[in-house]
Undergrad: 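Below you'll find the structure I mean.
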Amino acid sequence: MSSARTMFTLLAGALLACGATRAQDTPTDQDVVRRAIHVCASCHGEEGRSKTPAIPSLAGQKRDYLIAQLKDFRSQTRAEAGTRAYMWGISALLDNPTIFGLSEYYAVQAPAPGHSGTPSLIAIGRKIYTDGISDRGVRACASCHGDSAEGTAGFPRLAGQHATYLHAQLKSFGSKLRPHGVVMQVETSFLKPSEMRAVAEYLQSL
Ligand code: HEC
Ligand code: HEC
């Protein structure tokens, strides 16, 4: 991962360069989106399939979820450490049409393939994901995120996502750093740390 400052400069350069040609060539918004994607790829991977455990894949993610996250970064509402370090600066440069174009692009890319992990953890995670833990009031994750964690209209895709990233998010919901994750604050409040790890390992394997 290059430094956030370098990325910020690169993206600013890419968008400015586009603005500069706009006067002569009147490029469509697609040109702006294409240049931005080039910068995103340096961290999020080719077509949004990330190879870095702390950086989420974007390929196949739900469009409306992506739009909401990019706007939450831009308004500095979503505030985990990784987000503050990288996505605040980058999203500050994105206008609404570019956010929309980027989200449409990533939503239709082929998702990253899953990675198998520790079978015993995966088995525990699968049970939590599918059935919840009824005596502690943990609902089945599948009821919102879909049977195969492919995501549903209002809820993000989780299948094949890096366990490191997922685990970090599950922990961060309790810290109110994702205020629009109020639903998840409730869902994670009764999960033990070991169960968060297990469910993240299961989701990465899909
Ligand atoms: C310098 C590296 C870097 C660059 C460049 C970068 N990102 Fe990110 N992005 C991150 C990191 C790190 C996270 C995870 C933050 C966290 O841990 O909360 C992230 C998170 C995200 C998320 C949240 C995903 C989710 O599942 O909630 C979206 C959406 C996103 N980035 C979109 C983009 C787009 C679009 C671009 C290009 C305009 C971009 N990023 C460029 C590092 C980067
Ligand atoms: C009642 C619906 C609901 C249930 C049940 C639910 N979720 Fe979520 N989940 C959401 C919503 C809504 C979001 C988006 C939050 C946001 O916008 O910040 C989300 C986001 C997430 C994210 C962040 C994804 C990312 O890319 O950053 C993870 C991880 C997650 N959920 C895991 C789980 C797990 C594991 C369970 C089961 C223990 C679960 N969810 C149960 C609604 C739900």
Side-chain angles (χ1 to χ4, degrees), residues 1-8 10-11 14-15 32-33 35-45 48 50 52-59 61-74 77-94 98-99 101-103 105-107 125 127-133 136 138-146 149 151-159 161-173 177-191 195-200 202-204:
M1 200 194 307
S2 322
S3 79
R5 188 187 294 266
T6 314
M7 284 305 148
F8 187 80
L10 266 177
L11 184 61
L15 296 176
V32 181
V33 172
R35 285 170 202 249
I37 286 167
H38 191 68
V39 175
C40 315
S42 59
C43 287
H44 289 281
S50 159
T52 311
I55 301 185
S57 286
L58 305 176
Q61 187 51 277
K62 295 290 160 194
R63 185 194 68 178
D64 291 352
Y65 172 77
L66 291 170
I67 293 173
Q69 299 314 304
L70 288 166
K71 289 188 174 171
D72 278 358
F73 295 144
R74 194 176 57 185
T77 309
R78 180 174 161 182
E80 321 95 78
T83 290
R84 279 203 304 274
Y86 299 106
M87 291 310 301
W88 278 14
I90 286 160
S91 60
L93 299 166
L94 304 174
T98 309
I99 284 182
L102 286 166
S103 302
Y105 168 80
Y106 284 117
K127 178 118 184 56
I128 296 169
Y129 188 84
T130 314
D131 302 334
I133 309 171
R136 265 189 272 143
V138 178
R139 283 186 284 185
C141 320
S143 63
C144 287
H145 291 280
T152 54
F155 307 114
R157 176 189 180 87
L158 305 172
Q161 187 62 277
H162 292 294
T164 303
Y165 170 76
L166 292 173
H167 188 207
Q169 293 309 309
L170 289 171
K171 286 189 288 186
S172 81
F173 283 117
L177 296 174
R178 281 184 73 163
H180 287 151
V182 276
V183 174
M184 283 306 300
Q185 224 165 290
V186 177
E187 299 307 323
T188 51
S189 55
F190 302 112
L191 275 185
E195 292 166 341
M196 291 183 186
R197 251 209 86 206
V199 81
Y202 166 64
L203 290 165
Q204 175 178 256

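Order of listing sets the numbers, starting from 1, for every ligand and every atom in it.
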Undergrad: So for Ala200, does at least one of its heavy atoms come nearer than 4.0 angstrom to any atom of ligand 2?
TA: no
Undergrad: Has ligand 1 got any nitrogen or oxygen that is less than 3.5 angstrom from a nitrogen or oxygen of Tyr106?
TA: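 There is no such contact.
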Undergrad: Check whether any N or O atom of Ser57, backbone or side chain, sits under 3.5 Å from an N or O atom of ligand 1, and answer yes or no.
TA: no
Undergrad: Provide the number and element of each atom of ligand 1 under 4.0 Å from a heavy atom of Phe73.
TA: 21 (C), 22 (C), 23 (C), 28 (C)
Undergrad: Check for a donor-acceptor pair, side chain of His162 on one end and backbone N or O of Ser50 on the other, with a separation under 3.5 Å.
TA: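 Checking the backbone N and O of Ser50 against the side chain of His162, a donor-acceptor pair under 3.5 Å is found.
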Undergrad: Do the non-hydrogen side-chain atoms of Ile133 and Leu191 ever get within less than 4.5 Å of each other?
TA: yes
Undergrad: Give a yes or no answer on whether the side chain of Thr152 reaches the backbone of Cys144 with a donor-acceptor pair at less than 3.5 Å.
TA: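 Yes; at least one donor-acceptor contact below 3.5 Å.
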Undergrad: Mind checking whether Thr83 contacts ligand 1 via backbone (N, CA, C, O), side chain (CB onward), both or neither, at a 4.0 Å heavy-atom cut-off?
TA: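 The answer is both, backbone and side chain.
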Undergrad: Short list, please: which atoms of ligand 1 are under 4.0 Å from a heavy atom of Gln169?
TA: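 Every atom of ligand 1 under 4.0 Å from some heavy atom of Gln169: 16 (C), 17 (O), 18 (O).
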Undergrad: Relative to ligand 1, is Leu58 under 4.0 angstrom through side chain, backbone, both or neither, heavy atoms considered?
TA: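 The answer is the side chain of Leu58.
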Undergrad: Can you tell which of Arg157, Arg84, His44 gets a heavy atom nearest to atom 6 (C) of ligand 1?
TA: His44
Undergrad: Looking at Gln61 and Arg157, would you say the former's side chain and the latter's main chain have a donor-acceptor pair under 3.5 Å?
TA: yes
Undergrad: Give a yes or no on whether Arg74 atom CZ has more than 12 heavy-atom contacts from other residues, nucleotides or ligands under 6.0 Å away.
TA: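 Enclosed.
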Undergrad: Any idea which atoms of ligand 2 are less than 4.0 Å away from a heavy-atom of Val199?
TA: 35 (C)
Undergrad: What I'd like to find out is whether the side chain of Val183 reaches to under 4.5 Å of the side chain of Phe173, using heavy atoms alone.
TA: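 In short, these two side chains do not touch, never coming nearer than 4.5 Å.
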Undergrad: Who pairs with Arg84 by side chain to side chain contact (heavy atoms under 4.5 Å, CB included), at least two apart in sequence or on another chain?
TA: Ala79, Ala81, Trp88
Undergrad: Name all residues meeting the side chain to side chain contact (heavy atoms under 4.5 Å, CB included) criterion together with Glu80; count only those two or more places apart in sequence or in a different chain, and write none if there are none.
TA: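 Once residues adjacent in sequence are excluded, the partners of Glu80 under the side chain to side chain contact (heavy atoms under 4.5 Å, CB included) criterion are Arg78, Thr83, Gln169, Ser172, Leu177, Arg178.
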Undergrad: Which ligand 2 atoms are under 4.0 Å away from a heavy-atom of Leu166?
TA: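 Under 4.0 Å from Leu166, ligand 2 has these atoms: 29 (C).
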Undergrad: State which residues pass side chain to side chain contact (heavy atoms under 4.5 Å, CB included) with Thr77; sequence neighbours excluded, sorted by chain then number.
TA: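 Testing Thr77 for side chain to side chain contact (heavy atoms under 4.5 Å, CB included), a comparison that skips the adjacent residues, returns Asp72, Ser75, Pro179, His180.
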Undergrad: In the protein, what heavy atom is nearest to atom 27 (O) of ligand 2, and what distance, to one decimal place, separates them?
TA: Tyr165 OH, 2.6 Å
Undergrad: Any nitrogen or oxygen of Arg139, side chain or backbone, less than 3.5 Å from one on ligand 2?
TA: no
Undergrad: Give the residue, atom name and distance (to 0.1 Å) of the protein heavy atom nearest atom 17 (O) of ligand 2.
TA: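 So the nearest neighbour among protein heavy atoms is Gln69 NE2, 3.2 Å.
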Undergrad: Any idea which atoms of ligand 1 are less than 4.0 Å away from a heavy-atom of Val39?
TA: 5 (C)
Undergrad: Side chains of Ile90 and Val39, heavy atoms from C-beta outward: is any pair under 4.5 Å?
TA: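 No, too far: nothing below the 4.5 Å cut-off.
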Undergrad: Going by the order shown, which atoms of ligand 2 are within less than 4.0 Å of some heavy atom of Ala140?
TA: 5 (C)
Undergrad: Would Ser42 count as being in polar contact with ligand 1, using the rule that some N or O on each side must be under 3.5 angstrom apart?
TA: no
Undergrad: Heavy atoms only, cut-off 4.0 Å: how does Pro56 contact ligand 1, side chain, backbone, both, or neither?
TA: side chain
Undergrad: Ignoring hydrogens and geometry, is there a side-chain-to-backbone donor-acceptor pair from His44 to Ile55 under 3.5 Å?
TA: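 Judged by distance alone, no pair lies under 3.5 Å.
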Undergrad: Under a 3.5 Å distance rule, please check whether Thr98 uses its side chain to pair with a backbone N or O of Leu94 as donor and acceptor.
TA: no
Undergrad: Contact between Lys171 and Thr188 at the side-chain level, heavy atoms closer than 4.5 Å - yes or no?
TA: no
Undergrad: Please determine if Arg178 has a nitrogen or oxygen closer than 3.5 Å to a nitrogen or oxygen of ligand 2.
TA: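 Yes, Arg178 has an N/O under 3.5 Å of an N/O on ligand 2.
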Undergrad: Which atoms of ligand 1 are found less than 4.0 Å from any heavy atom of Leu66?
TA: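 Contacts of ligand 1 toward Leu66, numbered from 1: 29 (C).
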Undergrad: For ligand 1, which atoms sit closer than 4.0 Å to a heavy atom of Arg78?
TA: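 Reading through ligand 1 atom by atom, the close ones are 18 (O), 23 (C), 25 (C), 27 (O).
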Undergrad: With 2.8 Å as the limit, jot down which protein N, O or S atoms are around atom 8 (Fe) of ligand 2.
TA: His145 NE2, Met184 SD
Undergrad: Looking at ligand 1, does any of its N/O atoms fall within less than 3.5 Å of an N/O of Tyr65?
TA: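 The answer is yes, given that Tyr65 and ligand 1 share an N or O pair closer than 3.5 Å.
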Undergrad: Would you call Pro156 and Lys62 a side-chain contact if the rule is heavy atoms closer than 4.5 Å?
TA: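 No, side chains not in contact.
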Undergrad: Got an N, O or S from Met87 under 2.8 Å of atom 8 (Fe) of ligand 1?
TA: yes
Undergrad: Could you tell me whether some N/O pair between Ser143 and ligand 2 is separated by less than 3.5 angstrom?
TA: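 No.
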Undergrad: Counting from 1, what ligand 1 atoms have a heavy atom of Glu80 closer than 4.0 Å?
TA: 16 (C), 18 (O)
Undergrad: N/O/S atom of Cys40 under 2.8 Å from atom 8 (Fe) of ligand 1, yes or no?
TA: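 No.
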